[in-house]
Amino acid sequence: MVEIDCRGLSCPEPVIKTKKTLKDNPEGLDVLVDDRAARENVPRYAEAVGYKASVSEEGGGWRVKIRK
Amino acid sequence: MKNPLRFHLHDGSVADMKISGKIALAISGALIGVISVVLVVFGNPANMGFCIACFLRDTAGAMHLHTAPIVEYVRPEIIGIVLGSFLISVLRKDFNPHAGSSPVLRFIIGFIVMIGALVFLGCPLRMVLRLGGGDLNAFVGLLGFITGIAVGCAFLANGFSLGRSYKAARLEGAAFPAMTILLFVVFMAAPSLFLFSESGPGSMHAPVALSLLAGLIVGLISERTRLCMAGGIRDIILIRDFTLISGFAAIFVFTLIGNLLAGNFHLGFADQPVSHSAHLWNYLGMVAVGLGSVMLGGCPLRQLILAGEGSGDSAVAVLGMIAGAAFAHNFSLASSANAGPGLNGKIATVAGILVLLAIAAIVTYNNRRKDG
């Protein structure tokens, strides 16, 4: 599964990167974030475009799993 | 029903979260609208319950950074907003000290955002409050704000980024909130150190305790909901997400209702409080604010909130705004109420927009080359 590291990026960059990466990887991806705004915005975006999203804590941040 | 100000990611469906996020933002916006009207009733200048740009400018004046006699006052609202955000982020374990994402560029962008805001005469929050007071000049400003945000979004979509920030020491994150506490303590203990306006907007203010409390509440709810005046429009353009805009809309609606009830609603362009009708410059001033806000990742209010949460980068952007405010008055860049901007202000606005475009273009170009 593709993984993108969006830690340290300010909003809305993690969402934009997620959007771009999903275009090339329609089956889903993992997004690493360390910012509360991104933790909420990335799953919200994924759900809005028809994916399922789950969030788990990882290394002081979060891993957002986006799947079909 | 669960607390709408609390976000649960692990325990509910996302549809739930979406609605609760919107409701939380709408409630926050409503509260901010009402608080703004109350502050005006208790002494703040009209349509200026809150104005991050104006209040940073007044505070800069009080600290002798400029000496424009009508805009000098230590605004407790600013102190309250930073501390409200700091306290709630520490309590909720969201305090996140980080820094290192192009601090000098952020200083410059903050500086230009302030120039644009002082040519228009208000930050995006005051723009909404002015709209709610019937000031149609603010509508011209809104058009400029949307234009600036759209341009910023075009850069973002093409790879604009000021780069990653990194974890920082807790002291780095706490330094800016600590500075605001120090400012408040000195303001209370030795007010004679500061300059205070005897006339004009700087002389008009609600009682200190009320202003501080209002700031604390706004800081707290804005931290929880991530309310941002620029973010709402940006998210609609970029990802068709209408969550953040609900806060913006609620502030407008409740300010409108509050002003109608308080008898402070006057529709029109002429004779609006602390404003001018130089349409081109209202428009261009807010183009600079919109573009700069997108580049910074949030409007001036959001920068204060992030500075309270431990972002050294946002603290630097706020320091840039304070410096911009001092320059705006020392070099006659700020508009005067009714008369509008002078030649210096017009040149600074155009130059500011060109500098923002240059920064955005260079950063975007370099990022694209790096990513191949």
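Just so it is clear: chains get the letters A, B, ... in the order the sequence lines come, proteins before strands, and each one is counted from 1. Note that this is a predicted model, so its numbers are computed, not measured.
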Donor-acceptor contact present, side-chain A:K20 to main-chain B:A157, <3.5 Å: yes
Segment of B:L306 engaging chain A (4.5 angstrom heavy-atom cut-off): neither
Member of B:S165, B:S161, B:S101 meeting the side-chain contact (heavy atoms from CB on, under 4.5 Å) criterion with A:L9: B:S161
Partner chain B: residue of A:A46, A:P12, A:C6 with the largest heavy-atom pair count (under 4.5 Å): A:P12
4.5 Å side-chain heavy-atom contact, A:R36 and B:R92: no
Any donor-acceptor pair under 3.5 Å from B:K167 side chain to A:G8 backbone: no
B:R170, CZ atom: more than 12 neighbouring heavy atoms under 6.0 Å: no
Top contributor to chain A interface from B:L156, B:L162, B:N96 [non-hydrogen pairs under 4.5 Å]: B:L156
Point-to-point distance, once rounded to the nearest 0.5 Å, from CG of B:L244 to SG of A:C11: 8.5 Å
Ion pair check, A:E13 and B:R164, cut-off under 4.0 Å: no
Value rounded to 0.5 Å, distance of CD in A:E40 from OG1 in B:T225: 10.0 Å
Separation between CG of A:N41 and CZ of B:R226, rounded to the nearest 0.5 Å: 4.5 Å
Best-contacting candidate, A:S10, A:A37, A:G60, against chain B by heavy atom pairs under 4.5 angstrom: A:A37
Segment of A:K52 engaging chain B (4.5 angstrom heavy-atom cut-off): neither
Heavy-atom pair with the smallest gap, counting every atom of B:I239 and A:K19: CG2-CD, 4.2 Å
B:L238 and A:I16, any side-chain heavy atoms less than 4.5 Å apart: yes
Those residues of residues 21-32 of chain A, ordered by number, that approach chain B below 4.5 Å (heavy atom to heavy atom): none
Proximity breakdown for B:R240 and chain A, heavy-atom pairs closer than 4.5 Å: neither
